[in-house]
A.B. asks: 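I am attaching a structure below and will ask some questions about it afterwards.
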Protein chains: 2
Amino acid sequence: MSKKPARAGRRTEALTKAQIVEAAIAILDSEGVAALTFRTLSTRLATGSGAIYWHIANKEELLGAATDHIVAAAMDAAKVPNRKPREAIRAIATAVFDAFDAHPWIGGQLSLAPGRTGMLQVFEAIGGRLVALGVPAKDRFDVWSALVNYIFGVAAQNADNARRAEEGRTREDMLGTLAEAWGQLDASQFPFLHEVAVQLPGHDDREQFLAGIDLILDGALERRP
Amino acid sequence: MSKKPARAGRRTEALTKAQIVEAAIAILDSEGVAALTFRTLSTRLATGSGAIYWHIANKEELLGAATDHIVAAAMDAAKVPNRKPREAIRAIATAVFDAFDAHPWIGGQLSLAPGRTGMLQVFEAIGGRLVALGVPAKDRFDVWSALVNYIFGVAAQNADNARRAEEGRTREDMLGTLAEAWGQLDASQFPFLHEVAVQLPGHDDREQFLAGIDLILDGALERRP
DNA sequence: ACCTGAACACCGTTCAAGT
DNA sequence: ACCTGAACACCGTTCAAGT
């Protein structure tokens with residue numbers, strides 16, 4: 001027997017990057033982004049904080065890998081092969097939107113480091129449907145770029161709103177407050193916002209997100225070679 | 001005479017929030033987001049770190065106010081009143097894109113706290129042009145939402161790429177590396193990315209961003225009541 | 001009312017030492 | 001090869017004490 005008793009939960013096999021990323025996601029989901037530190041993470045993994053650095057370069061890589069894990073899982077869950085192209089694009093966009101909304105700690109960790117296979121899958125899936133949809137070859141790169149940037153950009157902004165709502169009022173409260181503020185804006189200086197204020201509380205963020213996808217696709221299909 | 005000589009640069013008037021925000025922007029622009037701490041900021045302002053908290057609640061509010069200051073300045077500089085509606089929208093979008101690109105520390109600080117007048121000005125300016133463009137009233141809210149979300153979301157993602165490029169290779173280097181990686185992808189599994197790889201190095205992010213604006217507007221104008 | 005700056009309660013990251 | 005955990009060099013934020 002060694003002097004120290006074996007610690008409960010001490011692993012017997014080597015850590016893996018996947019284990020670390022999954023533990024990080026568990027902390028992020030249950031306690032939020034502020035709770036993810038190398039100390040809480042190493043405690044949960046029953047190891048020393050320095051051990052994590054053997055597998056992961058730094059916190060940015062950790063958050064990036066966690067984000068890509070969520071994206072890849074969302075793509076796996078969104079079964080799209082048998083759908084018509086436009087429906088497939090809408091299904092992929094919805095999957096990303098819902099995944100970000102369910103894991104609102106996802107922020108600006110959307111870069112394309114090597115090994116970000118989840119994002120690559122989304123990129124390819126969207127691009128492939130544009131060919132099937134009949135978007136002219138000369139427009140394809142721009143349409144694809146607009147779509148993937150829109151999807152990830154808007155989903156990330158929505159997630160950030162959800163995160164802020166979590167730590168305070170509900171989303172309905174926030175929209176109500178915003179509608180009231182815009183309704184009190186000077187109608188001669190802000191006629192549009194003054195008018196659109198009434199539509200804020202009732203609207204569905206997800207539906208509006210998908211309406212934007214349709215606008216881009218409609219614009220793309222109007223183009224002829 | 002007091003025992004301690006008056007410190008050089010000691011202010012004689014009270015701090016203002018505007019002074020703090022401008023000093024913060026100066027640090028962010030010249031030394032990056034990691035260099036902005038309450039210690040560097042209070043040193044530059046010749047005050048104590050706690051003094052800043054008399055005027056600003058916390059770092060999130062500081063970064064949010066700095067972001068809105070940049071947006072407001074960009075809107076002021078982008079003279080759009082005499083343009084045709086579509087050109088005005090393109091000018092506003094370009095102004096936001098360029099401002100974010102020039103201040104790449106702008107990240108996810110895009111929320112709508114009270115007093116964010118810069119973002120409100122962009123929102124109103126875009127909305128007003130949609131009326132002038134003849135977008136049907138029933139579509140206006142969705143088209144407006146798609147446009148402003150696209151503009152801020154894509155501009156923020158581009159800024160984040162610019163920030164990452166700063167602390168390493170150039171943007172051209174990064175695009176070249178990405179093109180090479182995508183070019184080596186299995187062409188049967190990733191046909192679209194394999195093909196689009198060749199277009200990556202030569203493309204202009206700003207032009208592609210504007211192409212997305214046009215797609216949304218074209219999609220919107222195709223709708224009839 | 002506004003400022004000072006030490007103190008508090010943390011961080012991410014490194015690294016000599018272990019197995 | 002992989003892990004340990006103390007140590008380093010910081011942070012944001014608070015607050016008693018000043019003017």
Side-chain angles (χ1 to χ4, degrees), chain A residues 1-21 23-24 27-28 31-67 105 107-109 113 163-164 167, chain B residues 1-21 23-24 27-28 31-67 105 107-109 113 163-164 167:
Chain A
M1 271 176 78
S2 62
K3 280 173 199 164
K4 279 202 273 185
R7 211 193 312 172
R10 178 72 180 80
R11 286 159 297 89
T12 56
E13 297 184 2
L15 267 180
T16 65
K17 182 168 171 175
Q19 280 170 4
I20 296 170
V21 169
I27 294 171
L28 289 163
E31 303 181 67
V33 68
L36 179 70
T37 71
F38 281 81
R39 283 167 181 79
T40 59
L41 186 56
S42 61
T43 300
R44 178 181 273 259
L45 289 165
T47 184
S49 62
I52 296 164
Y53 284 91
W54 186 265
H55 302 275
I56 293 200
N58 51 42
K59 194 165 186 180
E60 189 174 349
E61 192 195 323
L62 177 61
L63 284 168
T67 297
W105 43 267
Q109 314 299 331
R163 188 184 56 75
R164 271 182 243 268
E167 52 193 37
Chain B
M1 272 177 76
S2 63
K3 279 175 202 162
K4 280 202 268 182
R7 211 194 311 173
R10 179 73 179 79
R11 286 158 300 86
T12 55
E13 297 184 359
L15 268 178
T16 65
K17 182 169 172 175
Q19 279 170 5
I20 295 170
V21 170
I27 292 171
L28 289 163
E31 303 181 67
V33 68
L36 181 70
T37 70
F38 281 81
R39 285 168 180 79
T40 60
L41 185 56
S42 61
T43 299
R44 177 181 273 261
L45 289 165
T47 185
S49 63
I52 295 164
Y53 285 90
W54 186 264
H55 301 275
I56 294 201
N58 51 41
K59 195 165 186 179
E60 188 173 350
E61 191 196 324
L62 177 60
L63 284 167
T67 297
W105 43 266
Q109 314 298 330
R163 188 184 55 75
R164 271 182 243 267
E167 53 193 37

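Sequence lines set the chain letters: A, B, ... in the order given, protein chains first and strands last, and positions in each chain run from 1. All values reported here derive from a predicted model rather than from experimental measurement.
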A.B. asks: With the side chain counted from C-beta on, respond yes when A/Lys17 and A/Glu61 share a heavy-atom pair under 4.5 Å apart, and no when they do not.
C.D. replies: yes
A.B. asks: Does a nitrogen or oxygen in the side chain of B/His55 sit under 4.0 Å from OP1 or OP2 of C/dC3?
C.D. replies: yes
A.B. asks: What is the distance, rounded to the nearest whole Å, between atom CG of A/Asn58 and atom C1' of C/dT13?
C.D. replies: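 Spelled out: CG on A/Asn58 to C1' on C/dT13 is 9 Å.
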A.B. asks: Round to the nearest Å and state the distance from A/Leu62 atom CG to C/dT13 atom C1'.
C.D. replies: 13 Å
A.B. asks: Suppose we screen for side-chain contact (heavy atoms from CB on, under 4.5 Å). Which residues come up paired with B/Glu31, at least two apart in sequence or across chains?
C.D. replies: B/Ala35
A.B. asks: Would you indicate, yes or no, if C/dC3 has its OP1 or OP2 atom less than 4.0 angstrom from a side-chain nitrogen or oxygen of B/Trp54?
C.D. replies: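 So the side-chain polar atoms of B/Trp54 never come under 4.0 Å of the phosphate oxygens OP1 or OP2 of C/dC3.
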A.B. asks: Do you know the tightest heavy-atom contact between B/Phe38 and B/Ile52?
C.D. replies: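 Residues B/Phe38 and B/Ile52, closest heavy atoms: CE2-CG2, 3.7 Å.
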A.B. asks: Check side-chain contact (heavy atoms from CB on, under 4.5 Å) between B/Arg44 and all other residues, then give those that pass, not counting sequence neighbours.
C.D. replies: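 Checked B/Arg44 against side-chain contact (heavy atoms from CB on, under 4.5 Å); matches are B/Ala23, B/Ala26, B/Ile27.
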A.B. asks: With the sugar-phosphate defined as primed atoms, P, OP1 and OP2, and the base as all remaining atoms, what B/S/- string results for nucleotides 14-19 of chain D, 5' to 3', for protein heavy atoms under 4.0 Å?
C.D. replies: BB----
A.B. asks: Test your reading of the model: is there a side-chain donor-acceptor pair from A/Thr43 to the backbone of A/Arg39, 3.5 Å cut-off?
C.D. replies: yes
A.B. asks: Suppose you measure atom P in D/dA9 against the same atom in C/dA9; what distance do you get, rounded to whole Å?
C.D. replies: 22 Å
A.B. asks: Nearest to the side chain of B/Leu15 - D/dC11, D/dC2, C/dC3?
C.D. replies: C/dC3
A.B. asks: What is the distance, to the nearest angstrom, from the CZ atom on B/Phe38 to the P atom on C/dC11?
C.D. replies: 18 Å
A.B. asks: According to a 3.5 Å limit on both distances, what stems of 3 or more consecutive Watson-Crick or G-U pairs are formed with DNA chain C?
C.D. replies: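 Stems found: C:4-8 with D:12-16, C:12-16 with D:4-8.
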A.B. asks: With sequence neighbours left out, write down each residue that passes side-chain contact (heavy atoms from CB on, under 4.5 Å) with B/Ala66, or none if nothing qualifies.
C.D. replies: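 Scan of B/Ala66 (side-chain contact (heavy atoms from CB on, under 4.5 Å), adjacent residues dropped) gives B/Val21, B/Ile25, B/Leu28, B/Trp105.
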A.B. asks: Classify the nucleic acid contact of B/Leu41 as base, sugar-phosphate or nothing, counting any heavy atom under 4.0 Å across all strands shown.
C.D. replies: nothing
A.B. asks: Run the salt bridge (charged side-chain N to carboxylate O under 4.0 Å, His left out) test against A/Lys59 and tell me which residues pass, sequence neighbours left out.
C.D. replies: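 A/Lys59: no salt bridge (charged side-chain N to carboxylate O under 4.0 Å, His left out) contacts found.
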